[in-house]
Amino acid sequence: MYHKLRIFFLLLLLSPLRSTAQDGIQSREYFVNSLVKISGPVLEALARNELKKTMPVEVTSHPWGDRKQVAYLEAFGRTLSGIAPWLELGPDETEEGKLREMYIRLALLGIQNATDPESPDYMNFTEGGQPLVDAAFFAQGLLRAPTQLWERLDDQTRQNVLHALKSTREISPAYSNWLLFTAMVEAALLKFGDKADLVRIEYGWNKHKEWYLGDGVYGDGPDFHWDYYNSYVIQPMLLDIGAVLREQYNNTGAEKYKRFLRDYGDFRERAKRYAAIQERLISPEGTYPPIGRSIPYRFGAFQVLSQMALLGNLPDEVSPGQVRSALHAIISRHQQAPDMFDENGWLTLGFYGRDPEIAEGYLSTGSLYLCTEVFLALGLPPEAAFWTDNPADWTQRKLWNGKPVKRDHAYYPQRNKEPDWETVIDGRSFDNYAVFEQYWEYNYPWGTDHNGSARMYADNQDHEQLSLEGGMLHIKAIPVVKDEGKSSSPPHAKIRYRSAAIHAKHQINVTREYPVYKISGEFRAPTTPGTWPAFWLTAVNGWPPESDILEFKGDAYNWQNTFITPEEVSTVKKNIPSAADRWHTYTVILKRTDDTNLSVEYFVDGERTGSHIANFTGKPMWLIINLQMEGSSGSPGPDTPTSYFARNVSVQRSVSL
């Protein structure tokens, strides 16, 4: 049944396979089609409890033992690791979304059958050394799709999964990249609420700190191996394990996790450099050097490049469009080989097509499904730049066609490098009311009134003064039609307008743990006399501190103020004549200096406008967006409605420096 459904959906997506990257939509279709062509036989057979019955186990002429004992967990664990980010997007009403739901269901059945001791396809997690490797890939798949895989499992299957993962503790890892397999299993146990052995994580983590060689490359153990294991295993697992440790610290604040954060920032920077190297390895024809062992993993060699695209952490000189085009070319080049698949759709042993003797003795059919790791970027939604950017030449294609490229330089850690940002509020919080209400509260933190003539009216039912329109926040101030008295806040102005305010649920607090905050947003702000829009920070406990990122007072000058005391205030003013008609970006970066002081850097449209020093360290602040009226902006205000627009408002804080 699943095979017929897959054929149906594939025909809807595209037929035949497109092998030329014409645009992002067609390229995404090609990626999806290629992924399900590879993973379909594994997931469909396992969902039917027939993987052991139907999957061939092709080996080289000099295999290491009976590969049938380990091939099935290899095939499933590796497939799940590669397909998981795509599954995590979840189902939707598009044809791709319906296909994705089908594969989520296949994967869930596969997990159930692979871990149920009574199942014909119950897998070997303990016999020999190899099961540790593929239990780690299995765990990595669960970590990459926690919502669609782990959370949709029934309780018994969850217990079976945890038992299977813990059973691999019997296996001693080799003194090499294998230490990360142990760490990955423990990271999954930590994430999914079981008792994890942090020592097993820390040992592999610290050894890879020791084995870092420079320029984004790690040794495989104490020695350097010129192969693709930095991409097959080392860098992706360091990143995924690090993400779990960072999440644990954010959730618990426990010191035992905090010590990993600086290393995690380093690992991400090194992976970015390695991704730059990977991109430059790809020839104009979509080929790459067949260097080192395990090359039958084929385009799985480019897992890091795809993963960095997924994480939005590509090198500055590498655009999402050129990465998509380069990966498309590699996938297409391999699939042009007439015998990459057997007559039943299973992968064959080889590099370009079938060639069993190019494989090491530890490889078999199951091993080959590590190639699915190249598809990690499918975890990006169709509207992401990776898919919407125009096709672009990658570095070698530019060079060999006589086009200029930027110089390549080795990676050296920078003393004043950009922090490793954790996003607290992303630019999508105005997409709909459900998302909005996860991050924002209505009105001021103290109520509906403040120091002008507008009273704030908005809640989850009343959207007259505050509405969301296409990812944009629209605040509208309208003159009152009846007497509403005076503001309850000094100077107790007569209420002459109904307007709206919001404040973020997250409090901004620069501390030792979070030494840098970056707060930014795009706004179209009214500048007519009597209008007083603001995007600002103010004290949770007493006043000040205050930092005004955007404040117009009835004219085209934006005020960026830092209140240290009521009398001591530093101000930057910038004339922005188009403030009401065009989108402009207003930003503040708060950076801890010591336990008392921090720097306050203001920007408009990416250009620094000023820098102040303030005693705000350790003082929590509210983030507020509001349209107040009159007061400091003059009187009388307009007698017609006034609009204030915001979009792409984000709050980021540093995880490490």
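Just so we're clear, the structure is a prediction, and the values are computed from it rather than from any experiment.
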Quick one: are [X] and [Y] in side-chain contact, heavy atoms under 4.5 Å?
X: Glu546; Y: Thr562; value: no
X: Trp205; Y: Phe267; value: yes
X: Ile241; Y: Ile201; value: yes
X: Ile508; Y: Val651; value: yes
X: Arg324; Y: Asp389; value: yes
X: Ser319; Y: Gln322; value: yes
X: Asp483; Y: Lys494; value: yes
X: Pro479; Y: Thr640; value: no

Around [X], counting heavy atoms of other residues, nucleotides and ligands shown, do more than 12 lie under 6.0 Å from its [atom1]?
X: Arg582; atom1: CZ; result: no
X: Lys256; atom1: NZ; result: no
X: Lys573; atom1: NZ; result: yes
X: Arg428; atom1: CZ; result: no
X: Glu607; atom1: CD; result: no

Taking NZ, NE, NH1 and NH2 as the nitrogens, is one of them in [X] or [Y] under 4.0 Å from a carboxylate oxygen of the other?
X: Glu522; Y: Arg647; value: yes
X: Glu202; Y: Arg259; value: yes
X: Arg498; Y: Glu464; value: no
X: Glu513; Y: Lys258; value: yes
X: Lys209; Y: Asp266; value: no
X: Asp449; Y: Lys486; value: no
X: Arg273; Y: Asp408; value: yes
X: Asp581; Y: Arg524; value: no
X: Glu247; Y: Lys191; value: yes

So which heavy atom on [X] is nearest to which on [Y], and how close?
X: Asn432; Y: Val435; result: OD1-N, 2.8 Å
X: Gln461; Y: Asp459; result: N-OD1, 2.7 Å
X: Arg144; Y: Pro236; result: NH2-CB, 4.0 Å
X: Asp594; Y: Asn597; result: OD1-N, 2.7 Å
X: Gly471; Y: Asp431; result: CA-OD1, 3.7 Å
X: Ala556; Y: Pro577; result: CB-CA, 4.0 Å

Table please: side-chain donor-acceptor pairs of residues 305-314 below 3.5 Å, with sequence neighbours left out.
| from | atom 1 | to | atom 2 | distance (Å) |
| --- | --- | --- | --- | --- |
| Ser306 | OG | Val374 | O | 2.8 |
| Ser306 | OG | Leu376 | N | 3.3 |
| Ser306 | OG | Ala377 | N | 2.9 |
| Gln307 | NE2 | Asp240 | OD1 | 3.2 |
| Asn313 | OD1 | Lys272 | NZ | 3.3 |

Would you find a donor on one side and an acceptor on the other, under 3.5 Å apart, between the side chain of [X] and the backbone of [Y]?
X: Thr511; Y: Tyr514; result: yes
X: Glu186; Y: Asp197; result: yes
X: Tyr497; Y: Pro638; result: yes
X: Gln235; Y: Gly216; result: yes
X: His474; Y: Ser467; result: no
X: Ser499; Y: Leu627; result: yes
X: Tyr602; Y: Asn561; result: yes
X: Thr252; Y: Gln248; result: yes
X: Gln560; Y: Gly610; result: no
X: Glu422; Y: Gln652; result: no

Task: ring pair (Phe, Tyr, Trp, His ring centres under 6.0 Å) pairs, two or more places apart, involving residues 550-601 - done: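 Listed by first then second residue: Trp543-Phe563.
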Open item on the list: Pair Tyr444, Gln628 - check side-chain hydrogen bond (donor to acceptor under 3.5 Å, both in side chains), show working.
Closed with: CA-CA 11 Å; Tyr444 296 111; Gln628 191 48 258; 3.0 Å; yes
- [ ] Could you check His463 against Tyr433 for ring-ring contact (aromatic ring centres under 6.0 Å, His included), going step by step and ending with a plain yes or no?
- [x] CA-CA 10 Å; His463 297 146; Tyr433 291 102; 3.9 Å; yes
Task: Stepwise side-chain hydrogen bond (donor to acceptor under 3.5 Å, both in side chains) check, Glu255 with Tyr249 - done: CA-CA 8 Å; Glu255 288 293 316; Tyr249 178 70; 5.1 Å; no
Open item on the list: Let me confirm one number: the CD1-CD1 distance from Ile519 to Ile549, rounded to the nearest 0.5 Å.
Closed with: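 Ile519 atom CD1 to Ile549 atom CD1 measures 5.0 Å (nearest 0.5 Å).
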Open item on the list: Nearest 0.5 Å, please: how far is CD in Glu551 from OG1 in Thr571?
Closed with: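 Interatomic distance, Thr571 OG1 to Glu551 CD, rounded to 0.5 Å: 8.5 Å.
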Task: Partner residues of Arg158 under the side-chain contact (heavy atoms from CB on, under 4.5 Å) criterion, sequence neighbours left out - done: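 Only Trp150, Glu151, Leu153 meet the side-chain contact (heavy atoms from CB on, under 4.5 Å) criterion with Arg158.
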- [ ] Go through the steps to decide whether Trp536 and Asn626 satisfy the test side-chain hydrogen bond (donor to acceptor under 3.5 Å, both in side chains), and finish with yes or no.
- [x] CA-CA 9 Å; Trp536 57 301; Asn626 69 275; 2.6 Å; yes
Task: Over-ring placement of Arg608 relative to Phe603, 6.0 Å and 45° cut-offs - done: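 Here Arg608 fails the 6.0 Å and 45° test against Phe603.
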TODO: Please work out which of the three classes, parallel, tilted or perpendicular, describes the rings of Trp440 and Phe436, given edges at 30° and 60°.
DONE: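 Rings of Phe436 and Trp440: parallel, as their planes differ by under 30°.
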TODO: Start with the C-alpha gap between Glu317 and Lys406, add the side-chain angles, then the distance that decides, and say whether salt bridge (charged side-chain N to carboxylate O under 4.0 Å, His left out) holds.
DONE: CA-CA 7 Å; Glu317 68 275 15; Lys406 291 185 178 180; over 6 Å; no
Task: Candidates Thr585, Asn558, Thr587, Leu550 - the one meeting side chain to side chain contact (heavy atoms under 4.5 Å, CB included) with Val604 - done: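 Of Thr585, Asn558, Thr587, Leu550, side chain to side chain contact (heavy atoms under 4.5 Å, CB included) with Val604 is met by Asn558 alone.
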Task: Distance flag, aromatic centroids of Phe523 and Tyr644, threshold under 6.0 Å - done: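 When the ring centroids of Tyr644 and Phe523 are compared, they turn out to be within the sub-6.0 Å range.
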